[in-house]
Structure formats: C-alpha cells, structure tokens
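Some notes on the structure that comes next.
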Amino acid sequence: MPEISLTLPDGSQRTLEEGATTADLALDIGKRLAKDALIGVVDGVELDLDVALPDGATVEIVVPDSDRGLHTIRHSTAHVLAQAVLELWPGATFAIGPPIENGFYYDFELPDGATFSDEDLAQIDAKMREIIKARQPFVRSELPAGAALELMADHQYKRAIIEAVTTGGQDSELAGEADGDIISFYRNTDAFVDMCVGPHVPHTGHLGQFKLMRVAGAYWRGDEKNQMLQRIYGTAWADKKQLATHLHNLEEAAKRDHRKLANDMDLLSFPSTLGGGLAVWHPKGAAVRKLIEDYSRERHEQGGYEFVYTPNLANGKLFETSGHLDFYADGMYPPMEMDNGTYYPKPMNCPMHCLIFDRGQRSYRELPLRLFELGTVYRYERAGTLHGLMRIRGFTQDDSHIYCTEDQLADEVASLLDFVISVLKAFGFEEFVFNLSTRDPEKSVGTDDIWELATEALRSALDRHGLEYGVKEGDAAFYGPKIDVDVKDAIGRSWQLSTIQADFNLPDRFELEYVDDDGGRKRPIMLHRALLGSIERFFGVLLEHLAGNFPVWLAPTQVSVLPVAASHEAYAHEVADRLRAGSLRTEVVEANDPLGKRIRNTKMQKVPYILVVGDDDVANNTVGVNVRGADSPERDVAVELFMARVVRENEERLAEVGTELPA
RNA sequence: GCCCGAAUAGCUCAGUUGGCCAGAGCGCUGCUCUUGUAAAGCAGAUGUCGUGGGUUCGAAUCCCACUUCGGGCUCCA
C-alpha cells in the first residue's frame with residue numbers, strides 16, 4: 001500500500017496510507033482528537049474532515065475551541081437553523097446565512113409574506129435540537145451551475161447567488177455561499193440541502209451550544225430598495241461554559257447600558273411628549289455634562305482656540321452656499337417659512353464659522369485660525385435609527401474649524417492628534433484605534449492634487465506619531481479625507497468619538513481668502529474636527545465605560561455625609577460645609593432611615609465617598625470613610641486628612657477613586 | 001423609512017379566554033423607631049391603563065391610525 005507523508009503545524013511528520021483523510025490523521029494522533037476534530041486546514045485551505053489528503057501536505061486539525069473551530073460551528077449551526085425553518089414553514093425559502101462575531105444569522109422569506117415573531121424562536125429552537133440529536137452528516141457534493149440552478153429551482157435567492165457568482169460578480173458577501181463555476185452543496189437529509197462553500201462539522205452532533213437571540217428584518221443584499229427578509233440571529237459556542245459566559249457578558253453589558261444608568265441615577269430622560277431623539281438633562285446629569293464641557297473649554301483655551309457662538313437657525317441661503325441643502329436636505333429639519341426668507345435649524349456649525357472667517361480681511365499672520373464652539377445642532381435622524389444618547393436628533397458638538405495654509409496642514413493635524421489623545425485620556429480611555437479614510441472617486445469634489453496633498457498630510461501626521469492605523473479606502477466625506485479615532489471601552493467595545501477632516505470644498509464655496517506674505521490672495525484649507533464628537537454621545541459612551549462610576553472630579557455628588565443618628569446631624573452638616581468650602585459637591589443624608597438603608601441607597605447612586613459620622617467622630621473631629629468599591633470602611637479618619645485627599649483627586653482630575661490612602 | 005415587539009402609579013413590573021371599584025414591590029406622605037456600614041415597623045395617598053378612533057351590553061384586554069420606546073436592517077454631512 002502506497003503511503004503519504006504529512007506535516008503537522010508543530011513540524012512533526014506522520015505517515016499514513018494513501019487515501020487517508022484528516023479524520024484518519026486525527027485518529028492516528030489520538031482518540032480524543034479524533035472525537036473533537038471538526039475540519040482540517042490542508043496547505044492553508046479549510047476542508048471537510050473526510051477529504052483525502054495529498055502527499056506532502058501540511059495539515060492542521062481544527063478543534064472547537066479555536067477561531068476556525070468556532071467559525072465552523074457557527075456556520076454549521078446556521079444550516080441547522082435553515083433546515084428547521086424550512087421544515088416548520090413549508091414554502092419558505094432561504095437566502096444567506098453566514099457566521100458572524102459570536103454567532104450566526106440566516107435570512108428567510110416566509111410564504112405569503114408571513115413574518116417571524118419572538119414566540120416562534122422556541123419552536124425553531126426545539127426543531128434544531130432534534131436535528132442536532134439526530135447527528136445528521138453534512139455531505140458535500142458539487143454541481144455545475146446549470147444543475148445547481150435546477151436543484152435550487154424553488155429558491156429564488158439561492159438562484160440569484162448562483163447567477164451572481166457564475167457571471168463573475170465578485171462579492172465578498174457571497175463568498176461563503178458559492179464560488180466559481182462549480183457550485184458546492186451540503187446535504188443533511190433527503191429533504192434538506194443548502195448551497196455552501198463549506199467546510200462544515202462532520203455531523204450535527206458537534207453542535208448544540210447555541211441560543212437563538214432575536215428576530216429582525218433585513219433587506220436582501222443589504223439594499224433598502226430590495227425585498228425585506230426575515231432574519232434570525234443566534235449565538236453559538238464550543239461548549240456550555242463559553243455559551244454561559246457569553247450570555248453573562250451580555251447581561252453585564254446591559255447593566256451598564258447608558259439608558260438604564262441615566263434613569264437609575266436620575267441623570268437625564270427622553271420624555272415622549274418632547275419628541276423622539278430629544279433629551280432633557282436633570283440636575284445630576286447636567287452637573288456632569290457641565291464638568292465635561294468646562295474641561296473641554298479649559299483645554300481649548302490652553303490650546304490656542306478662539307471661542308465663538310453661532311445661532312441655532314439660519315436662512316436657507318446659507319445652506320445653499322454650503323451645499324448642504326443639495327446633499328443632505330433629508331437629514332435636516334424642515335424649513336420655516338418667514339416673511340423675510342426660509343429658515344432651517346442648523347445641522348452643523350461649519351457654514352457659520354466660515355462666515356466668521358469671511359468677516360473682514362484675513363492675513364496669513366492670523367493662521368492657523370482656530371474657531372471653537374460647543375455648537376448645538378439638529379439633524380432629522382430617521383425614526384428607526386434613534387438610540388438613547390448614541391443617536392439623537394438634537395446634540396452639541398465640541399466643534400472646531402481650523403483655517404490654515406497648505407504648509408501648516410501637516411503640523412496642525414499632528415498637534416491635533418496629540419490634543420485628541422490627551423483629552424480622551426483625561427476621561428479614562430486608554431486604548432485608541434485610528435483610521436484614515438481616503439477618497440471615493442465617485443463621490444468627491446476637488447482636484448487630484450489637493451486630495452493627494454491633504455491625504456498625505458493626514459498620513460504623515462499619523463506616521464510622525466508612530467501610530468498604527470487602518471485605511472478605509474473610499475470612506476472619506478465628499479469634501480476631503482479624514483482621520484477617525486475610536487476608543488476601546490472597559491469591556492472591549494469600540495466607539496468612534498473623534499474625527500479630523502480636511503476640507504477644500506467649503507473654503508471654495510464661501511470664497512474664503514487670506515492675504516499671503518507675497519501680498520497675493522490665497523484660499524485657506526479648512527479642518528473640521530470634533531474631539532468628544534457629540535457631548536451627548538460622549539456622555540453615553542463614558543457612562544457605559546465607567547458603568548456609572550464617575551471619578552471624583554466628574555461625580556455629580558462627590559461625598560455623602562451620613563449621621564449615625566439625629567444627634568449627629570449638626571456635626572454632619574458642619575463636615576459637609578467644610579467640604580463644600582473646598583469645592584466638593586457634598587450632600588448630607590439625614591437620619592430619617594436606618595443607617596444601613598441610607599448606605600445602600602447612597603451606594604446605589606455610585607457616590608465615590610460615603611462618610612459615616614457618629615459619637616466617636618463628633619468627639620475626635622473624624623469621619624468614617626467608605627470608598628466606592630472598597631470592602632470595608634476606614635474609621636477615625638481626621639477630617640482635614642480626608643478633605644486634602646479628595647480635594648487633590650478633584651483638582652487633579654484623577655481617574656481613580658481612593659488612590660491616595662490616608663497616612 | 002422598513003421588519004418584529006412593547007407602552008398599566010415617580011421606578012420595576014403583574015393583570016387568564018373582554019366582565020364587580022385596576023394590583024404588587026420599591027419610592028412618596030404621616031406616625032413610631034434614633035440607628036456605626038447594602039432594604040426598620042405601622043398607616044395613607046397615588047392611575048386620562050401612551051393618544052385618538054372603532055367593535056361590544058361591557059375594553060387595560062379585540063381591531064385601526066398616530067406617538068414614543070426596544071431589537072434589527074438601511075442611513076449617519
């Protein structure tokens with residue numbers, strides 16, 4: 001019997017009989033591996049376990065607890081979902097069902113326009129578990145396009161995919177469905193076959209640690225002009241523990257949802273009578289917001305920005321000049337017809353800043369001119385897109401427009417990057433991701449030269465800082481390239497906050513000019529930039545990042561003083577007055593309820609410091625200190641000592657609470 | 001805007017197939033308790049059951065429209 005020689009990822013060699021498969025290789029290595037093996041990676045290509053191996057191949061055996069393994073499990077689970085749905089809804093058809101982060105989805109069209117509801121999930125889940133219990137094999141077959149079309153005669157979306165790939169249409173979304181002229185299929189039973197590139201787990205018995213999460217609508221091929229399909233999302237994992245961990249993480253994320261915390265901590269609300277996507281800030285939320293804005297102003301003042309104010313309304317002519325009425329009228333609130341013109345709520349501040357630049361003659365000596373405004377704008381976001389503070393219709397940008405010369409552009413962007421990082425770090429963000437978005441030739445204005453110049457300026461600024469960054473080809477705004485800055489939050493989620501955009505469209509439209517050192521008139525380049533982005537959205541991100549545990553300098557109440565009994569109230573107020581004199585936001589919670597209850601309530605409000613004062617403290621001029629997050633209180637702390645520590649934390653805007661323990 | 005779902009007291013929620021005066025816990029008010037580290041006791045008040053219309057002898061409950069919210073899709077200057 002001829003033999004083949006195989007190389008394992010660790011470099012070791014194995015010799016097997018010709019015709020041996022990855023499954024045979026796994027068995028040759030060990031029983032346990034043979035049981036766990038899902039697919040093989042043969043010379044870099046993922047293949048089913050039962051494919052015969054070529055001589056000399058390098059083979060990696062994929063087990064569940066790996067990226068490739070999870071991917072395969074999720075992909076195979078999606079097939080099981082499709083099988084269940086097609087069985088439960090005769091006449092249903094299916095479209096695309098890929099693995100995604102943490103799970104999978106599958107899109108369906110039900111007969112007679114029927115839709116899924118949440119109640120259907122239990123039934124589908126039960127059917128899927130039957131299929132899994134039956135340990136159905138995934139049997140691969142291949143057909144030429146013509147026969148494939150015939151096999152999928154009843155499934156218009158699958159046929160559309162076959163036609164798309166066989167006519168040479170390159171499409172990453174369809175890459176997992178079919179590829180090239182030979183179409184592959186995976187058959188689980190006589191009744192169920194799905195078109196798929198594969199590979200899949202050997203049989204459905206390898207699956208089962210999944211949960212169907214939700215039903216949703218989704219457009220065919222992601223285009224809102226197309227048919228709306230019914231999508232089911234699920235999560236799937238290698239083992240029970242991973243699944244439980246994932247579900248637990250979702251619960252933890254829900255606990256820090258900014259909408260829940262904003263409600264629980266009485267920070268702000270979205271009264272339905274106010275209208276969708278509009279928030280009112282309650283005293284405690286407003287206190288935090290004001291501190292964020294104060295800090296922003298302070299930093300901009302130090303950074304050489306000049307502060308401006310502009311109105312919330314503008315004559316429509318302004319937005320005709322800027323071009324926004326042509327491009328973005330859909331996103332603007334509708335016009336107000338007045339006897340002297342048509343007015344719109346402003347959707348951005350830039351045109352007004354251009355008016356300020358344009359007032360009077362500008363000299364190159366004034367550049368870079370940095371105009372800054374906490375500018376409130378209104379955008380008519382579509383109803384279905386609103387999401388708490390993250391997507392809102394009225395919001396305030398920490399907006400600046402910088403007018404500079406071509407020569408100044410790169411330096412200006414470079415110093416902006418420092419500024420961005422420094423400001424975001426002050427709020428406790430540690431990890432940043434940078435992206436450079438480049439020109440979309442189809443949707444852009446301006447010459448090649450100036451795009452090149454601007455893109456190079458952004459690129460060189462990133463390089464100069466030694467920052468790693470991704471490039472999003474063609475993702476720029478129509479008027480110029482941009483750098484976006486995402487932050488990673490405490491539980492690893494990514495949020496886009498800052499943006500730095502070069503613009504050579506608006507200076508043109510507004511015919512902005514400065515007088516250069518040679519006496520000639522030149523057009524400035526304009527940079528748009530927002531650091532926090534929208535204050536509202538930033539507040540939401542920060543709230544979730546911190547899970548509501550604002551550092552001392554941002555906490556709406558920094559210290560709560562709790563007298564043990566009514567007899568200690570006078571002393572409690574005395575302590576509170578001293579703290580307030582040190583500019584600490586301090587509350588006294590009087591002894592109307594038992595101490596335990598007041599401690600509980602105050603802790604639930606996430607107050608950084610809770611002081612308990614009783615007989616000993618009155619006698620010795622001390623306090624009992626409960627540091628947020630600490631296990632046990634510190635007793636008999638001298639008031640001056642406590643105060644010095646918290647005043648320092650407050651003034652130095654320290655990110656952590658209780659970093660300095662009393663001596 | 002599109003698909004699915006939800007809206008009941010300040011908050012979190014219960015309210016069977018339509019049927020007495022719409023409930024609970026927390027919170028609130030009052031009284032008692034005077035408290036040393038995560039929920040004291042008793043009593044009381046709380047409601048346009050999101051809004052408007054319809055079906056019905058009768059609607060929180062069924063139907064329609066609208067508003068707002070949640071999960072997605074699309075969009076995000």
Side-chain angles (χ1 to χ4, degrees), chain A residues 105 107 109-110 113-121 213-233 254 257 259-260 263-264 266 269-278 319 322-332 347-351 377 379-388 390-393 443 476-479 482 496 499 501 503 505-506 528 534 537 562-569 590-604 610-617 623-626 630-636:
Chain A
Y105 69 78
D107 287 345
E109 187 175 52
L110 301 183
T115 55
F116 291 122
S117 70
D118 292 333
E119 289 77 54
D120 295 328
L121 291 182
M213 302 301 285
R214 59 183 75 97
V215 300
Y219 299 105
W220 165 239
R221 304 298 310 277
D223 186 335
E224 66 179 325
K225 292 187 206 68
N226 287 342
Q227 173 71 30
M228 170 74 69
L229 302 174
Q230 295 286 303
R231 177 172 296 180
I232 293 177
Y233 281 96
D257 187 307
R259 295 162 300 185
K260 175 178 162 50
N263 192 43
D264 292 350
D266 193 20
S269 59
F270 298 89
S272 60
T273 41
L274 184 60
L278 299 169
F319 300 117
S322 70
H324 289 101
L325 263 181
D326 286 341
F327 289 104
Y328 306 108
D330 288 350
M332 292 170 65
M348 76 294 298
N349 306 299
C350 24
V377 297
R379 298 181 183 178
Y380 193 75
E381 304 288 358
R382 294 211 280 176
T385 62
L386 300 174
H387 182 90
M390 303 306 189
R391 192 78 178 267
I392 191 170
R393 284 180 174 151
K443 279 167 60 182
F478 72 94
Y479 50 72
K482 63 174 177 174
Q496 191 198 308
T499 183
Q501 308 179 349
D503 182 356
N505 179 49
L506 276 190
H528 303 242
S534 114
R537 178 180 154 84
L562 279 53
V564 171
S567 59
H568 311 117
E569 278 177 6
E590 295 190 338
N592 296 323
D593 283 310
L595 181 63
K597 180 169 185 171
R598 284 178 287 146
I599 296 229
R600 176 184 154 81
N601 289 343
T602 314
K603 285 196 171 182
M604 290 204 303
I610 300 172
L611 302 185
V612 174
V613 295
D615 288 336
D616 298 349
D617 300 296
V623 291
V625 181
N626 295 266
D631 293 334
S632 53
E634 303 159 26
R635 292 285 298 272
D636 308 317

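By convention in this document, chain letters (A, B, ...) are assigned in the order of the sequence lines, proteins followed by strands, and residues within each chain are numbered from 1. All heavy atoms count here, side chains included; hydrogens, waters and symmetry mates do not.
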Exercise. From the list B/U35, B/U37, B/C4, which nucleotide is the closest neighbour of the side chain of A/A591?
Worked result: B/U35
Exercise. Does the A/Q230 side chain pair with the main chain of A/F116, one donor and one acceptor, at a distance under 3.5 Å?
Worked result: yes
Exercise. Closer to the 5' end of RNA chain B via nearest nucleotide, is it A/I610 or A/E119?
Worked result: A/E119
For this session: Just name whichever nucleotide pairs with B/A59, Watson-Crick or G-U, keeping both distances under 3.5 Å, else none.
Result: none
For this session: Establish, with yes or no, whether the OP1 or OP2 oxygen of B/G27 is under 4.0 angstrom from a side-chain nitrogen or oxygen of A/R600.
Result: no
Exercise. So does A/T115 get a side-chain nitrogen or oxygen closer than 4.0 Å to the phosphate oxygens (OP1/OP2) of B/C4?
Worked result: yes
Seminar exercise, completed: Whole-Å distance, A/F270 CZ to B/G70 C1', equals 13 Å
For this session: Specify the separation, in whole Å, of atom CG of A/N592 and atom P of B/G41.
Result: 16 Å
Exercise. Contact class for A/R259 vs. all strands (heavy atom < 4.0 Å): base, sugar-phosphate, or nothing?
Worked result: sugar-phosphate
Exercise. If you look at every strand shown and take non-hydrogen atoms under 4.0 Å, does A/K597 touch a base, only sugar-phosphate, or nothing?
Worked result: sugar-phosphate
Problem set entry | Check: A/Y233/A/R231 side-chain N/O donor and acceptor closer than 3.5 Å | yes
Exercise. Does A/R598 reach the main-chain N or O of A/P563 with its side chain, forming a donor-acceptor pair under 3.5 Å?
Worked result: yes
Problem set entry | Donor-acceptor contact below 3.5 Å, side chain A/R393 vs main chain A/L386 | no
Problem set entry | Interatomic distance where CG belongs to A/D593 and C1' belongs to B/G41 [whole Å] | 12 Å
Exercise. When rounded to the nearest Å, what value does the distance between P atoms of B/G15 and B/C73 take?
Worked result: 31 Å
For this session: Using whole Å, report how far CG of A/L562 lies from C1' of B/U34.
Result: 14 Å
Problem set entry | Separation of the P atoms in B/A24 and B/C64, to the nearest angstrom | 33 Å
Exercise. How far does the P atom of B/A45 sit from the matching atom of B/G18, given to the nearest Å?
Worked result: 32 Å
For this session: Would you mind reading off the distance between A/L386 atom CG and B/C2 atom C1', rounded to a whole angstrom?
Result: 15 Å
Exercise. Between the main-chain N or O of A/G614 and the side-chain N or O of A/D617, is there a donor-acceptor pair closer than 3.5 Å?
Worked result: yes
For this session: For each nucleotide in nucleotides 72-77 of chain B, reading 5' to 3', give B when a protein heavy atom comes within less than 4.0 Å of its base, S when such contact involves only the sugar-phosphate, and - otherwise.
Result: BBBBBB
Seminar exercise, completed: To the nearest angstrom, the CG-P distance between A/D615 and B/U34 comes to 14 Å
Exercise. What integer distance in Å separates A/Q227:CD from B/C3:P?
Worked result: 10 Å
For this session: Ignoring hydrogens and angles, state whether a donor on the side chain of A/H568 or A/D615 is under 3.5 Å from an acceptor on the partner side chain.
Result: yes
Exercise. Say you pick atom C1' in B/U74 and the same atom in B/U16; how far apart are they, in whole Å?
Worked result: 40 Å
For this session: Just call it for A/D264: base, sugar-phosphate, or nothing, with non-hydrogen atoms closer than 4.0 Å on any strand.
Result: nothing
For this session: Anything under 30° is parallel, anything over 60° is perpendicular, the rest tilted; go ahead and classify A/H324 against A/F319.
Result: perpendicular
For this session: Tell me what A/D617 touches on the nucleic acid: a base, only sugar-phosphate, or nothing, going by heavy atoms under 4.0 Å.
Result: base
Exercise. What interatomic distance, in whole Å, is found between P of B/A14 and the corresponding atom of B/G25?
Worked result: 16 Å
Exercise. B/A40 and B/A22: how far apart are their P atoms, nearest whole angstrom?
Worked result: 32 Å
Problem set entry | Strand partner of B/G5, provided both Watson-Crick or wobble distances fall under 3.5 Å | B/C69
For this session: Would you kindly give the CE-to-C1' distance between A/M390 and B/G70, to the nearest whole Å?
Result: 15 Å
For this session: Examine distances only and state if a side-chain atom of A/N505 and a backbone atom of A/Y479 form a donor-acceptor pair shorter than 3.5 Å.
Result: no
Exercise. Checking all strands, does A/G388 fall into the base, sugar-phosphate, or nothing category for heavy-atom contacts under 4.0 angstrom?
Worked result: sugar-phosphate
Problem set entry | Pairwise P distance, B/G27 and B/G10 [rounded to whole Å] | 16 Å
Problem set entry | Base paired to B/G44 (Watson-Crick or G-U; both N/O distances under 3.5 angstrom) | B/C28
Exercise. Which part of the nucleic acid does A/N263 contact within heavy-atom distance under 4.0 Å: base, sugar-phosphate only, or nothing?
Worked result: sugar-phosphate
Exercise. Charged N to carboxylate O below 4.0 Å: is that the case for A/D616 and A/R635?
Worked result: yes
For this session: Between B/C33 and B/C42, how far apart are the P atoms? Round to whole Å, please.
Result: 15 Å
